[in-house]
2 protein chains.
Amino acid sequence: MYFDDKIPIYYQIKNHIYHEIITGALQPGEKLPSVRQLAVDVTANVNTVQRALSEMIAAGIIESKRGRGNFVTMETTKITDLKTQLVTTQLAHVYQQLHALNLSDEEILASVQHYIERKGQAK
Amino acid sequence: MYFDDKIPIYYQIKNHIYHEIITGALQPGEKLPSVRQLAVDVTANVNTVQRALSEMIAAGIIESKRGRGNFVTMETTKITDLKTQLVTTQLAHVYQQLHALNLSDEEILASVQHYIERKGQAK
DNA sequence: CCTAGTGTTATATTTTACTATTACACTATA
DNA sequence: TATAGTGTAATAGTAAAATATAACACTAGG
């Protein structure tokens with residue numbers, strides 16, 4: 001797994017798993033790979049994976065059953081809430097950043113539209 | 001200055017100064033505060049500030065004159081290029097993140113529009 | 001020429017994330 | 001009941017960022 005060296009690995013693992021849950025790659029109630037397997041999958045240490053999982057458990061998205069495994073919550077409202085929260089966080093961040101670069105609301109919207117239209121193309 | 005503990009301080013300082021240059025708070029050719037003063041301003045160490053400055057110098061945005069100070073480049077094209085680059089980086093990041101949450105191009109655009117319309121308001 | 005202010009660099013120390021390794025607690029099942 | 005697989009936690013070590021502090025190199029101005 002690719003890691004951005006500017007951001008803690010445990011944080012990136014957490015985000016990665018959240019994405020899998022939100023996109024349905026991991027279904028509600030589904031068992032996650034074991035912590036040891038996850039560590040191999042993402043090429044990180046068990047403790048680092050555990051740290052990521054601990055935060056997701058504290059957030060109620062993952063349920064931990066000792067001796068059995070970790071499971072995605074069955075409460076789908078928690079998952080939809082998580083998605084809303086992640087999307088909003090991303091929007092707030094990019095808005096704040098672009099606004100700090102003196103782009104007006106209109107320019108921000110236009111720049112996003114422009115980016116989507118031109119993405120993947122040579123300039 | 002507020003620091004996000006998930007991102008290296010030197011990196012945040014660099015970004016902060018870039019924003020000041022792009023918004024014109026620091027004009028082309030203008031002298032920056034001394035590294036020692038900057039360290040006080042942003043509540044960080046001189047070496048940390050210097051690391052941020054070194055990268056900006058390497059990028060050609062800041063010119064260093066030993067014994068005199070650090071100065072914003074007079075080449076305004078470098079500044080506009082920097083702005084373009086920062087904006088594009090932000091757009092690419094948020095697009096990738098939202099796309100990874102299974103939002104379509106249309107949904108991404110709509111969510112940005114929606115965010116701008118509703119920002120600062122209760123839900 | 002001297003001094004104050006500037007950028008630059010170096011050393012030692014602290015802090016934190018991460019790793020490697022081991023051990024412990026629990027569950028299911030053969 | 002023994003064993004393999006699971007989560008959990010502790011210990012010790014490594015690496016990188018950040019700090020405190022000091023020194024060095026240069027410039028401008030008195």
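Chain identifiers are assigned alphabetically (A, B, ...) following the order of the sequence lines, protein sequences preceding nucleic acid strands; residue numbering begins at 1 within each chain. Since we're looking at a predicted model, the values are computed, not measured. These numbers come from the heavy atoms of this one structure, side chains and all, not from hydrogens, waters or symmetry mates.
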## Note on the structure
All heavy atoms of B:K6 vs all of A:P8, minimum pair found to be O-CD, 3.4 Å
### Task
Could you tell me whether the side chain of A:I79 reaches within less than 4.5 Å of the side chain of A:V72, counting heavy atoms only?
yes
### Option among B:L53, B:L38, B:I17 that satisfies the side chain to side chain contact (heavy atoms under 4.5 Å, CB included) test with B:N70
B:L53
### Query
Is the number of heavy atoms from other residues, nucleotides or ligands within 6.0 Å of NE2 (A:H19) greater than 12?
yes
### Task
Just call it for B:R51: base, sugar-phosphate, or nothing, with non-hydrogen atoms closer than 4.0 Å on any strand.
sugar-phosphate
### Task
Take atom CG of B:L38 and atom C1' of C:dT6, then tell me their distance rounded to the nearest Å.
12 Å
### Rounded interatomic separation in angstrom, taking CD1 from B:I9 and C1' from C:dT14
13 Å
### Task
Let me know, please, whether B:R68 or A:K65 comes out on the 5' side of the other along DNA chain C by nearest nucleotide.
B:R68
### Task
Check whether more than 12 heavy atoms from other residues, nucleotides or ligands sit under 6.0 Å from atom CZ of B:F3, and answer yes or no.
yes
### Task
Calculate the interatomic distance between B:K14 atom NZ and D:dA17 atom C1'; express it in whole Å.
15 Å
### Message
Just the rounded figure in Å: distance from C1' of C:dT16 to OH of A:Y11.
### Response
17 Å
### Query
Rounded to whole angstroms, how far apart are CD on A:E63 and P on D:dT6?
19 Å
### Query
Taking atom types as modelled, is there a side-chain donor on B:Q85 or B:D81 under 3.5 Å from an acceptor on the other?
no
### Query
Same cluster for A:V46 and A:I57 if Ile/Leu/Val/Met/Phe/Trp/Tyr side chains link at under 4.5 Å?
yes
### Task
May I have the distance from B:E55 (atom CD) to C:dT8 (atom P), rounded to whole angstrom?
14 Å
### Message
A side-chain contact here means heavy atoms from C-beta on lying under 4.5 Å apart; do A:S111 and B:L91 qualify?
### Response
yes
Restricting to nitrogen or oxygen on both sides, can you table the protein-nucleotides 9-11 of chain C pairs closer than 3.5 Å?
unit_1 : atom_1 : unit_2 : atom_2 : d
C:dT9  : O4     : B:N47  : OD1    : 3.4
C:dA10 : N6     : B:N47  : OD1    : 2.9
C:dA10 : N6     : B:N47  : ND2    : 2.6

### Query
Between D:dG7, C:dT19, C:dC18, which nucleotide gets closest to the side-chain atoms of A:A44?
C:dT19
### Task
Please state whether the phosphate of D:dA17, meaning OP1 or OP2, lies under 4.0 angstrom from any side-chain nitrogen or oxygen of B:T48.
no
### Task
Give the rounded distance in Å between these two atoms: CD1 of A:I13 and C1' of C:dA17.
12 Å
### Message
In whole Å, I'd like the distance from the CE atom of B:M56 to the C1' atom of C:dT8.
### Response
15 Å
### Task
Determine to 10° how strongly the helix from C:dC1-D:dG30 to C:dA30-D:dT1 is bent, judged from the axes of its five-pair ends.
0°
### Residues B:Y10 and B:N47: side-chain donor-acceptor under 3.5 angstrom
no
### Task
Record whether the side chain of B:R36 comes under 3.5 Å of the base of C:dG5 through a donor-acceptor pair of N or O atoms.
no
